[in-house]
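The structure presented is a predicted model; accordingly, all values stated were derived computationally and were not measured. The first residue in the sequence is number 1, and the count goes up from there.
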Amino acid sequence: MRVLLVEDSDVYRTSLELLLDMQPGIEVVGGVASGAEALAACGALRPEVVLMDLRLPGAGGVAATADLLEAFPGTSVVCLTAEAMPDERQAITAAGATAIVEKGQPIETLVAAIVAAAAG
């Protein structure tokens, strides 16, 4: 499964990339820090799954998810968040995210969400 990371924290993004690259069947094809960069990266890299941080600089993860899924309807989005209020959870789900995973969850939880998202 080809995965794109969209996370504004360089340290977290790099750490997550290392962890995910160790998982069988997952290939991290890129990492970017904003929603605008995510659109360009999806066009170039064609990931199956995008891990989208909820709180990004600029338009944020909700708008970026909606824009990305409109431009690339075959792509799935899994939302990553340190914490999310109920209205934020509702908004990201309404934008098309297939799952919301909190950043403190075990890597197995994130991998399961990626696999489920890739399966459709």
Side-chain angles (χ1 to χ4, degrees):
M1 291 157 282
R2 295 171 56 81
V3 176
L4 173 68
L5 304 178
V6 184
E7 166 63 50
D8 59 319
S9 167
D10 292 338
V11 171
Y12 186 76
R13 188 175 61 246
T14 301
S15 299
L16 190 56
E17 182 175 353
L18 291 170
L19 286 171
L20 289 174
D21 272 339
M22 294 176 10
Q23 305 302 312
I26 294 179
E27 175 190 7
V28 177
V29 295
V32 297
S34 72
E37 291 174 307
L39 283 173
C42 277
L45 302 171
R46 300 293 183 184
E48 296 168 79
V49 178
V50 174
L51 298 182
M52 179 77 68
D53 188 9
L54 178 62
R55 295 188 180 135
L56 290 168
V62 173
T65 294
D67 291 346
L68 190 143
L69 293 176
E70 182 178 332
F72 304 99
T75 303
S76 296
V77 174
V78 173
C79 175
L80 289 171
T81 184
E83 62 179 352
M85 302 303 291
D87 60 324
E88 291 173 313
R89 288 177 176 273
Q90 184 178 8
I92 195 74
T93 301
T98 61
I100 301 168
V101 178
E102 293 188 10
K103 292 180 180 179
Q105 293 293 312
I107 192 68
E108 294 82 12
T109 302
L110 181 57
V111 168
I114 291 168
V115 170

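Nearest heavy atom pair, residue A117 against residue T98, reads CB-OG1, 3.5 Å. Closest approach of T65 to A97, counting heavy atoms only: CG2-N, 4.0 Å. Taking both residues in full, the closest heavy atoms of A33 and L56 are given as O-CD2, 3.8 Å, listed atom of the first, atom of the second, then distance. Between Q23 and I107, the shortest heavy-atom contact is NE2-CG1, 4.2 Å. Between L4 and A38 the shortest heavy-atom distance is CD2-O, 4.0 Å. Scanning both residues, A113 and V78, for their nearest heavy atoms gives O-CG2, 3.8 Å.
Atom-to-atom distance recorded for C79:SG and E88:CD is 9.0 Å, nearest 0.5 angstrom. With rounding to the nearest 0.5 Å, the separation of CE in M85 from CD in Q90 is 13.0 Å. Taken to the nearest 0.5 Å, the OG atom of S76 stands 7.5 Å off from the CG atom of L69. With rounding to the nearest 0.5 angstrom, the CD1 atom of I92 is 7.0 Å from the CE atom of M52. From L39, atom CG reaches atom CD of E70 across 9.5 Å, with rounding to the nearest 0.5 Å. Distance CD1/I26 to CZ/R2: 13.5 Å, rounded to 0.5 Å.
In this structure, R46 does not pair ionically with E27, as no charged nitrogen and carboxylate oxygen lie closer than 4.0 Å. In summary, R13 and D53 do not engage in a salt bridge, as defined by a charged side-chain N under 4.0 Å from a carboxylate O.
No single ILVMFWY cluster, assembled from side-chain heavy atoms under 4.5 Å apart, contains both V32 and L80. A continuous path of Ile, Leu, Val, Met, Phe, Trp and Tyr side chains, each step under 4.5 Å between heavy atoms, connects V29 with V6, placing both in one hydrophobic cluster. With hydrophobic clusters built from ILVMFWY side chains whose heavy atoms lie under 4.5 angstrom apart, L110 does not share a cluster with I100. Using a 4.5 Å cut-off between side-chain heavy atoms of Ile, Leu, Val, Met, Phe, Trp and Tyr, with links allowed through other members, V50 and L45 fall into the same hydrophobic cluster. By the criterion of side-chain heavy atoms lying less than 4.5 angstrom apart, applied directly or through intervening Ile, Leu, Val, Met, Phe, Trp or Tyr residues, V77 is not grouped with L54; the two fall into different hydrophobic clusters.
Judged purely by atom type and a 3.5 angstrom limit, E37 uses its side chain to pair as donor or acceptor with the backbone of S34. Side chain of T75 to backbone of E48: no donor-acceptor contact under 3.5 angstrom is found.
When side chains are defined from C-beta on, L20 counts as touching I114, because their heavy atoms get closer than 4.5 Å.
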